[in-house]
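Counting starts at 1 for both ligands and their atoms, in listed order.
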Amino acid sequence: MTFSLLRRAMLACGALAVLIHSPLSHAADPVKIGLIAPFSGSFADYGKQMEGGIKAWQQIHGDTVAGRKVQILVKDTTGPVPEVAKRLAQELVVRDKVDVLAGFGLTPEALAVAPVAEQAKKPMVIFNAASSVITTKSNYIARVSMTLPQISAPMATWAVRNNVKKVMTLVADYAPGIDAETAFKTNFIGGGGQIVESIRVPLRNPEFAPFIQRIKDARPEAVFLFLPAGEQGVAFMKGFRERGLADAGIRVIATGDLTDDHVLPAMGDATLGVITSFHYSAAHDSKENQAFLKAFAAANPGAGRPNFMAVAAYDGMAAIYEALRKTGGATDGDKFLAALKGMKLQSPRGPITIDPATRDVVQTVYIRKVEKRNGELYNVEFDKFEGVRDSGK
Ligand code: PHB
């Protein structure tokens with residue numbers, strides 16, 4: 001072999017070695033996303049809505065981005081059980097080698113997983129869990145859903161502007177409930193309103209009857225409510241109706257978790273006129289929402305109406321795809337978070353931004369009223385607060 005041939009052969013081997021060791025050789029590997037949420041127990045709908053939102057996104061945008069397939073690994077926390085959520089996250093990171101952790105229906109799940117994301121430097125994208133503090137627990141967390149202070153403060157402002165003067169609050173007794181109560185009270189009292197009494201009910205299986213009686217006896221003009229989406233809201237509204245609180249002139253103002261779009265059609269006419277503040281309504285009038293509703297129905301036959309958790313998962317996928325496009329398919333935690341910071345998306349709910357300083361979502365909060373449209377109950381938006389940040393940190 002001549003010297004130049006030998007040199008060329010050695011260069012070729014070197015190039016091959018570089019190819020084998022360079023991250024580019026992983027370009028064809030799938031990007032693995034671990035979806036951690038409840039898929040069983042009384043919060044099972046949270047996981048199902050999120051998975052439905054992911055399917056809706058992939059229905060439109062496919063399952064490949066930046067040359068890599070996107071694979072979803074679904075894990076059931078069985079409810080707000082922090083130890084299970086943490087173990088699932090550890091298994092996903094260590095055994096399944098996921099690139100991104102996502103989901104998190106309830107705050108305790110997200111708080112339990114935050115140290116795992118921090119230690120492994122894994123991007124953790126929150127699709128629901130909404131107590132303010134979560135994003136401070138790891139630099140690798142970004143949230144695309146909402147926070148309770150973000151949603152509750154506008155409800156208080158709207159109430160004082162609309163002559164509601166005496167309110168009783170009732171919230172679930174855990175971090176998001178306390179966030180909601182604090183933000184509502186601060187803004188309501190700050191605007192000249194009076195809080196008659198504040199009630200906190202257990203997160204698991206609350207028995208509403210005695211609390212509803214207390215509300216009736218106190219005779220406030222309205223009760224402000226935060227309960228995690230699902231069965232609890234249905235139970236509260238049933239008790240409210242049966243004990244004649246509406247007839248006694250007591251109004252319900254709440255965060256939109258109460259009249260969650262997935263359960264609203266089955267909640268009945270007792271919800272007519274309920275005022276809520278929230279970031280998403282299935283009745284939101286935009287072409288992005290039309291496309292989302294169509295894709296959700298096509299990808300999830302028989303699943304009914306999507307709610308805010310499905311939208312957050314859809315937007316979370318939009319954010320993950322966009323970040324992967326920006327990094328050229330790389331999933332390194334620091335690069336990935338840099339790509340997420342400051343990102344702007346046109347969501348089915350309206351424009352959203354991931355605040356580069358807090359990694360929390362900035363968005364429009366709408367005031368809505370339950371009304372009938374074509375014979376079905378909807379949260380109809382009639383007022384809004386634009387560019388709202390989390391005020392809880
Ligand atoms: C939460 O636990 O953070 C949570 C759960 C359900 C909601 C909102 C927040 O509807």
Sort and list the pairs that fulfil side chain to side chain donor-acceptor pair (under 3.5 Å) and have at least one residue in residues 174-183, not counting sequence neighbours.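 For residues 174-183, and leaving out neighbouring residues, the side chain to side chain donor-acceptor pair (under 3.5 Å) pairs sorted by first residue read Glu181-Arg200.
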Tell me whether Lys372 is salt-bridged to Asp269, with the criterion being a basic N under 4.0 Å from an acidic carboxylate O.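 Asp269 and Lys372: salt-bridged.
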Answer yes when Lys32 and Asp99 have at least one side-chain N-carboxylate O distance shorter than 4.0 Å, and no when they do not.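 A salt bridge is absent here (no side-chain N lies under 4.0 Å from a carboxylate O).
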Neighbour count >12 (heavy atoms, 6.0 Å) for atom CD, Glu91: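 Buried by this count: over 12 neighbours within 6.0 Å.
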Applying a heavy-atom distance cut-off of 4.0 Å, which protein residues contact ligand 1?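 Within 4.0 Å of ligand 1, protein side: Tyr46, Gly105, Leu106, Thr107, Asn128, Ala129, Ala130, Met146, Tyr174, Pro176, Phe226, Pro228, Ala229, Asp257, Phe308.
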I need the single residue from Phe308, Phe226, Phe385, Trp158 that forms a ring pair (Phe, Tyr, Trp, His ring centres under 6.0 Å) with Phe278. Which is it?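 For Phe278, the ring pair (Phe, Tyr, Trp, His ring centres under 6.0 Å) test succeeds with only one of Phe308, Phe226, Phe385, Trp158, which is Phe308.
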Can Arg368 be said to sit on top of Tyr378's aromatic six-ring, NZ or CZ under 6.0 Å from centre and within 45° of the ring axis?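 Relative to the ring axis of Tyr378, which defines the angle, Arg368 lies outside at least one limit.
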